[in-house]
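As the structure is a computational prediction, the values presented were derived from the model and not from experiment. Proteins come first, then strands; the chains are lettered A, B, ... in the order of their sequence lines, and each starts at number 1.
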2 protein chains.
Amino acid sequence: MRRIAESTIRRLSLYLRFLEEFEEEGTATVSSEELAGRGATTAAQVRKDLSLFGSFGKRGMGYRVHELATKLRDILGLGRTYDVAVIGAGKVGSALAQYGGFAARGFHVRWVYDADPAKLGLAWDGLRVRDVSRMEDDLHDHGPDIAILATPGDVAQSLADRLVSLGVRAILNFAPVQLAVPADVAVKNVNMAIELETLSYALRHG
Amino acid sequence: MRRIAESTIRRLSLYLRFLEEFEEEGTATVSSEELAGRGATTAAQVRKDLSLFGSFGKRGMGYRVHELATKLRDILGLGRTYDVAVIGAGKVGSALAQYGGFAARGFHVRWVYDADPAKLGLAWDGLRVRDVSRMEDDLHDHGPDIAILATPGDVAQSLADRLVSLGVRAILNFAPVQLAVPADVAVKNVNMAIELETLSYALRHG
DNA sequence: GGATGTGAATGTCTTCACAGCT
DNA sequence: AGCTGTGAAGACATTCACATCC
């Protein structure tokens, strides 16, 4: 299949959320128009996005809500669960580790690591903070599918290297550094400073 | 000035971070090549991005690090400070309110609000959690420049409406809903579920 | 000589508009 | 008649390549 733009994937993820809302409301079918109206896009965009993966609708009818949601979950790789490790038990790490919303979508935080002795053994919802120096021992057999890096910038690259060695192929990076990883490893950067600065730019101009 | 793409603004924000690193290292000038190398882009992209705002370099020399950093801060609207209110003192809200990195870049969290009586009065770094029902009274005179919405989805829209009424024109939205706001209000959505789902898509395909 | 600044070319994404199916 | 699916057009973003200036 042709390479799909990330913006498309992000919209699919949104559409899925809207479909789940429609499902709760008991709506059986939606048009591209209705789906677009709930989000911030156009009917043509919705149809084009979906058409990249197949023909899921019926002309004159629209899309069956439950069926399309199932298709989208499949496309997005949500037909399975993912084991997640959170590296760094600071404010961001602990907020993420405790956030229940992930598990609801199949992302299960199984491990939390930190280097600070004061943090080791702390337990959130039964999840103990483990010593990051033991990471290789712990994860040698069965490691996470996805790692969330929530550490200071100066140690992020070396931790990323270790995670990649352990077979991790997807990293959600909160550290404010550009990670260097092999081409087959996916990295998503989340950087609050950038988000705030797009807002300050908008306030100044716009 | 012509409308600038958001992707450009995000890169400028990155360049600024890299320039600050170069500054700490004592580097006086950088080429577009060096700046691109630190991030994940090309020299031509760096030059094009900067050229949208002016001519900041010297041919044969490159860019003076400190001077360019100053220009970028000006472009991004970082030549001033911003008063920030965090709405929602749950895990995300408290992590954000306590995060020191914002203040370093001029974003000062001055208020934290919540509706849960159990949370009121909690103090983080001298910042007391206030009753959201008092928000209008508190902020009537002098409100925040930027609001960070970190509440459950079902109350986010009504809070956004109240914030807009108070004059807020920039919202960083962590609630998993698409906010409807007037055209002159900037909204940036941050949604961890979407980030994780782009990773699960990458794991499945790519 | 060396690196910028920038039109032109290329590539990518979005919107349009309508044929085609239900 | 209604709404999808999709080529074609248009808008936008990135890359190229080189004249220009320090």
Side-chain angles (χ1 to χ4, degrees), chain A residues 1-15 18-19 22 27-72 75 194 198 201 205-206, chain B residues 1-15 18-19 22 27-72 75 194 198 201 205-206:
Chain A
M1 172 170 298
R2 192 176 102 241
R3 201 196 152 273
I4 304 290
E6 176 168 330
S7 52
T8 301
I9 302 304
R10 299 179 75 87
R11 282 192 300 268
L12 292 184
S13 177
L14 270 179
Y15 302 157
F18 299 149
L19 287 167
F22 280 117
T27 310
T29 67
V30 287
S31 65
S32 55
E33 188 75 39
E34 292 167 308
L35 214 34
R38 178 139 326 196
T41 186
T42 65
Q45 182 76 76
V46 171
R47 294 199 300 276
K48 181 64 97 180
D49 286 341
L50 296 175
S51 78
L52 295 172
F53 294 92
S55 295
F56 306 129
K58 291 233 189 313
R59 293 164 201 238
M61 298 271 115
Y63 302 87
R64 309 217 56 213
V65 171
H66 181 73
E67 184 188 320
L68 183 57
T70 303
K71 291 280 187 194
L72 289 184
I75 291 167
I194 292 181
T198 65
Y201 177 86
H205 310 74
Chain B
M1 172 169 299
R2 194 175 98 243
R3 200 197 152 272
I4 304 290
E6 177 169 328
S7 53
T8 302
I9 303 304
R10 300 179 74 87
R11 281 192 300 268
L12 292 183
S13 177
L14 270 179
Y15 302 157
F18 300 148
L19 287 168
F22 280 118
T27 310
T29 67
V30 287
S31 64
S32 55
E33 188 75 39
E34 292 167 307
L35 214 34
R38 177 138 330 193
T41 186
T42 64
Q45 181 77 77
V46 170
R47 293 200 300 275
K48 180 66 95 180
D49 286 340
L50 297 176
S51 78
L52 296 173
F53 295 92
S55 294
F56 307 128
K58 291 233 189 314
R59 295 167 198 237
M61 298 271 113
Y63 302 88
R64 307 217 57 211
V65 170
H66 180 74
E67 184 188 319
L68 183 56
T70 303
K71 291 282 188 193
L72 289 185
I75 291 166
I194 292 181
T198 64
Y201 177 86
H205 310 73

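For the OP1/OP2 pair of D:dT4 and a distance below 4.0 Å, the side-chain nitrogens and oxygens of A:Ser32 include at least one atom meeting the criterion.
Closest-nucleotide positions on DNA chain C for B:Tyr63 and A:Ala5 were compared, and the one nearer the 5' end corresponds to B:Tyr63. Of the residues near DNA chain D, A:Ser55 and B:Gly60, the one whose nearest nucleotide (by heavy atom distance) lies more toward the 5' end is A:Ser55. Mapped onto DNA chain D by nearest heavy atom, A:Met61 and A:Leu52 fall at different nucleotides, with A:Met61 at the one closer to the 5' end. Remark on DNA chain C: of its neighbouring residues A:Arg3 and A:Lys58, the 5'-side contact belongs to A:Arg3, judged by nearest-heavy-atom nucleotide.
Every side chain to side chain contact (heavy atoms under 4.5 Å, CB included) that A:Glu67 has, sequence neighbours left out, goes to A:Arg64. Every residue was checked against the ring-ring contact (aromatic ring centres under 6.0 Å, His included) condition with A:His66, not counting sequence neighbours, and none meets it.
Here the CD1-CG distance, from A:Ile75 to A:Leu50, works out to 7.5 Å after rounding to the nearest 0.5 Å. Between A:Arg11 atom CZ and A:Leu72 atom CG the span is 12.5 Å, to the nearest 0.5 Å.
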Listed pairs under 3.5 Å, donor-acceptor, residues 32-39 of chain A side chains, sequence neighbours left out:
from, atom 1, to, atom 2, distance (Å)
A:Ser32, OG, A:Arg47, NH1, 3.1
A:Glu34, OE1, A:Ser31, N, 2.7
A:Glu34, OE1, A:Ser31, OG, 3.3
A:Arg38, NH1, A:Glu21, OE1, 2.9
A:Arg38, NH1, A:Glu25, OE2, 3.1

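The distance between atom CD1 of B:Ile4 and atom C1' of D:dC12, rounded to the nearest whole Å, is 12 Å. D:dC12 atom C1' lies 14 Å from atom CG of B:Asp49, rounded to whole Å. The distance between atom CD of B:Glu6 and atom P of D:dT14, rounded to the nearest whole Å, is 12 Å.
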Which atom pairs link the protein and nucleotides 15-19 of chain D when you take only N or O atoms and keep those under 3.5 Å?
from, atom 1, to, atom 2, distance (Å)
D:dA17, N6, B:Arg47, NH2, 3.3

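Contact annotation: the side chain of B:Tyr201 never approaches that of A:Leu12 to less than 4.5 Å [non-hydrogen atoms, C-beta and beyond]. Residues B:Val46 and B:Phe18 form no side-chain contact, since every pair of their non-hydrogen atoms from C-beta on lies 4.5 Å or further apart. Side-chain contact between B:Asp49 and B:Gln45 is present, with heavy atoms from C-beta onward closer than 4.5 Å. When side chains are defined from C-beta on, A:Tyr15 does not count as touching A:Val30, because their heavy atoms never get closer than 4.5 Å.
Here the closest non-hydrogen pair linking A:Phe53 and A:Phe56 is O-CZ, 3.5 Å. Considering all non-hydrogen atoms of both residues, A:Ile4 and A:Ile9 come closest at CG2-CD1, 3.8 Å.
For DNA chain C, the outermost nucleotides in 5' to 3' order that have an atom under 4.0 Å from a heavy atom of chain A are C:dC13 to C:dT22.
Taking five base pairs at each end of the helix from C:dG1-D:dC22 to C:dT22-D:dA1, the local helix axes there meet at an angle of 10°, rounded to 10°.
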